[in-house]
Structures are given as structure tokens and as C-alpha cells.
Number of protein chains: 2
Amino acid sequence: MKNKIENFHDHNNCPIRHVLDRLGDKWSILVLITLGSKKDPTRFNEVMHEIGDISQKMLTVTLRTLEADGLVSRKHYPEIPPRVEYAITDLGASLLPHIDGLAGWAAKNMDAIAKTRKKFVSKQKAA
Amino acid sequence: MKNKIENFHDHNNCPIRHVLDRLGDKWSILVLITLGSKKDPTRFNEVMHEIGDISQKMLTVTLRTLEADGLVSRKHYPEIPPRVEYAITDLGASLLPHIDGLAGWAAKNMDAIAKTRKKFVSKQKAA
DNA sequence: CAGTATCCCTTCCGATACTG
DNA sequence: CAGTATCGGAAGGGATACTG
């Protein structure tokens, strides 16, 4: 565990802080996963419905940020009505296995965590 | 990529949403890494100085949350002046390799991402 | 359809002061 | 030393209305 993760004192060059800063918001990871799970480019509304509870505004800003970072590509077809398709880039796809690692960990442990937390809360109340 | 990460429509049982919810804040991961990099229990102030720019308040609340989730243990010595030592638990430690995976990805790609973003911004201005 | 623009509420978090 | 309490600014993000 002694490779990349210890020099976060240099705040501007710390990889962890970068990840947290760009992808730690409420929707980025979810959008990436959604696009990553498709092999065809996906339209704005389809992404929106797939996620279910994201607002139009937040989907727009999240997609823009991901596009700016090169994790997602955007193709706009000048038709009426407009059609815009999003896809994950190779760079974005290269991130997914790591997200998946996290998801696997969470899936395995989240029940135990929920129980631990519940105990902790009742102890707090007792004290 | 088709294992854990696709059922996030079930908002309450989605592992990704859980991770984001509990660890997506500004400090949790950084605290975990700090404690994970030590093999001896670490005092409050030492954690604080190691991270450098975390406030006392945020370190307190972050440690409490991590403790409630069972990722960090807390041992209080009733002395004067008080001494409190924190350590990562086995559960917390089991998360670190996944964080490290993310950190490795970021370390490898963050320069490219920064350049891509810079280009994107100048194109936006031009348009 | 795929956005933009605006409003506004909530949460996050830092600063500061105080305490056992 | 290791907190707790309080305040207030800033940012995140939802709801709604509008548009090419």
C-alpha cells in the first residue's frame, strides 16, 4: 500500500485529491458507469432515464465536465429535433475497472457496515 | 464490467451510491489513507498535521463517521492531557487497495486530463 | 430533444471561541 | 490534547420555466 497514495501533502499534485475533486460529486461516476455499460453511443434522454433521479441540469453539467476531461465524448447531430449522443472514451473506460473494484468491495461489505453503524448510533444514544 | 455496477437503479441498494454517499466527501478517503499508511495507532493531532489542511472540526466529524462505519477504531486513554489514538480496522484496510487502484489511474492520467480540459476550455471561449 | 437560465434551499465546511 | 458549539460564507444541486 506504499505506492501512489501517500504524497497527498502536496495538495496540487495529489492523485487522490484530483479524483475526489473531479469525480467525487453526486453524479459523475454514475454517468460514467451508465455510458460504460453500453457499447453504443447513448442519447441524452436515455442516460437520464437510465439513472432515473438525476435532473436535466445536473446531467448537462456532469456530461460537460466529463467531456472536458476527456472521459466522455459528445456527438451532436444538427437535426430537428436535435439528437446528441454520448459515449465513454477509452480513457473513461480505463477508469471503470477501478470503480468496479470499489463497487465490489461495497457490495460485499455494505450490510456489515450498516449494522455496525446502527450499533454505534444506539450506543451514542445510550451514552 | 458487467458484475456489480449496473444495478444502481435500485437507489437504496446500489453499492456505488453507498460508497459515494459515505466516502465521497472531502476528507474520509484522505483520513483512511493516512491511518492506513501507519501500522501504529495514531493520535488526533498527528493525523491532523499529516493531512495538513483539514480543520479540527472536520477531522472530528470524519473520524466519527468512519468509526461508526467500522472502518476506523478509536481508543481513548483517560489521562490528563487526554490521549486518543485512531487506527484503521481490517475492514478499512480492505478498502485501501481499491483506493490505490484509483490513485494509480489518476497518477497515470491526470496530466493528460489537465491538458484535455485546457483545450476544451479554450475551444469554449473561441465559440 | 436537448439543452439554458434562474431561483432558492440545503448541505458542507472553515473560522473562531470555548472546555474537561 | 482532543475535543464541542456556534456562526456564516460558499458550493451543490433540485424545481421550474423557457428555447432553438
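Predicted model, so just to flag it, every value in this text is computed and none were measured. In the text below, chain A, chain B and the rest are named by the order of the sequence lines, each starting its count at 1.
- One distance of note links CG of A:L91 with OG of A:S73; it measures 11.5 Å at 0.5 Å rounding.
- One distance of note links CG of B:L66 with CG of B:L32; it measures 5.0 Å at 0.5 Å rounding.
- Considering only the side chain of B:D25, C:dC13 comes nearest among D:dG14, C:dC13, D:dA2.
- For the pair B:M48 CE and C:dC13 C1', the computed distance is 13 Å after rounding to whole Å.
- Atom-to-atom distance recorded for A:L63:CG and A:L59:CG is 4.5 Å, nearest 0.5 angstrom.
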Distance-only criterion, 3.5 Å: show the donor-acceptor pairs between side-chain atoms of residues 110-118 of chain A and protein atoms not counting sequence neighbours.
{"from": "A:T116", "atom 1": "OG1", "to": "A:A112", "atom 2": "O", "distance (Å)": "2.8"}
{"from": "A:R117", "atom 1": "NH1", "to": "B:D69", "atom 2": "OD1", "distance (Å)": "2.6"}
{"from": "A:R117", "atom 1": "NH1", "to": "B:D69", "atom 2": "OD2", "distance (Å)": "3.4"}

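- Under the 4.5 Å side-chain criterion, counting only non-hydrogen atoms from C-beta, A:I33 is in contact with A:I99.
- Rounded to whole Å, atom P of C:dC13 lies 12 Å from atom CG of B:L30.
- Here C:dA2 presents its C1' atom at 15 Å from CD1 of A:I51, a figure rounded to the nearest Å.
- Residues meeting the side chain to side chain contact (heavy atoms under 4.5 Å, CB included) test with B:D53, sequence neighbours left out: A:H11, A:R17, B:W27, B:I51.
- In this structure, B:E85 atom CD and D:dC1 atom P are separated by 14 Å, rounded to whole Å.
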Might you list the N or O atoms of the protein lying below 3.5 Å from N or O atoms in nucleotides 16-20 of chain C, with each pair's distance?
none

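- With sequence neighbours left out, B:D90 forms a salt bridge (Lys or Arg N to Asp or Glu O under 4.0 Å) with no residue at all.
- Nucleotide C:dC13 holds its P atom 9 Å from the CD1 atom of B:I54, rounded to whole Å.
- Of all the residues in residues 62-80 of chain B, B:R64, B:R74 reach under 4.0 Å from DNA chain D with at least one non-hydrogen atom.
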Dot-bracket encoding of pairs in DNA chain D, which uses [ ] for pseudoknotted crossings and | for another strand, Watson-Crick or G-U under 3.5 angstrom: ||||||||||||||||||||
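- Contacts classified as salt bridge (Lys or Arg N to Asp or Glu O under 4.0 Å) and involving residues 71-86 of chain B (residues at least two apart or in different chains) are given here: B:E79-B:R83, B:R83-B:E85.
- In this structure, A:E50 CD and A:T42 OG1 are separated by 7.5 Å, a value rounded to the nearest 0.5 Å.
- Per the geometry, CG belonging to B:L59 stands 13 Å off C1' belonging to D:dC1, to the nearest Å.
- Phosphate contact (OP1/OP2 of D:dA2, side-chain N/O of B:R43, threshold under 4.0 Å): present.
- Every residue meeting the side chain to side chain donor-acceptor pair (under 3.5 Å) condition with B:S28, not counting sequence neighbours, appears here in chain and number order: B:D25.
- Put simply, CG on B:L20 is 13 Å from P on C:dC12, counting in whole angstrom units.
- Residues passing the side chain to side chain contact (heavy atoms under 4.5 Å, CB included) test with B:N45 are B:M48, B:H49, sequence neighbours excluded.
- Comparing D:dG3, D:dG14, C:dG3 by their nearest atom to the side chain of A:W27 picks out D:dG14.
- When rounded to the nearest whole Å, the span between CG of B:N45 and C1' of D:dG3 equals 10 Å.
- For the pair A:Y86 and C:dC1, the criterion of a side-chain N or O lying under 4.0 Å from OP1 or OP2 is not met.
- For residues 55-66 of chain A, the set of pairs meeting the side chain to side chain donor-acceptor pair (under 3.5 Å) definition, not counting sequence neighbours, comprises A:R64-A:Y86.
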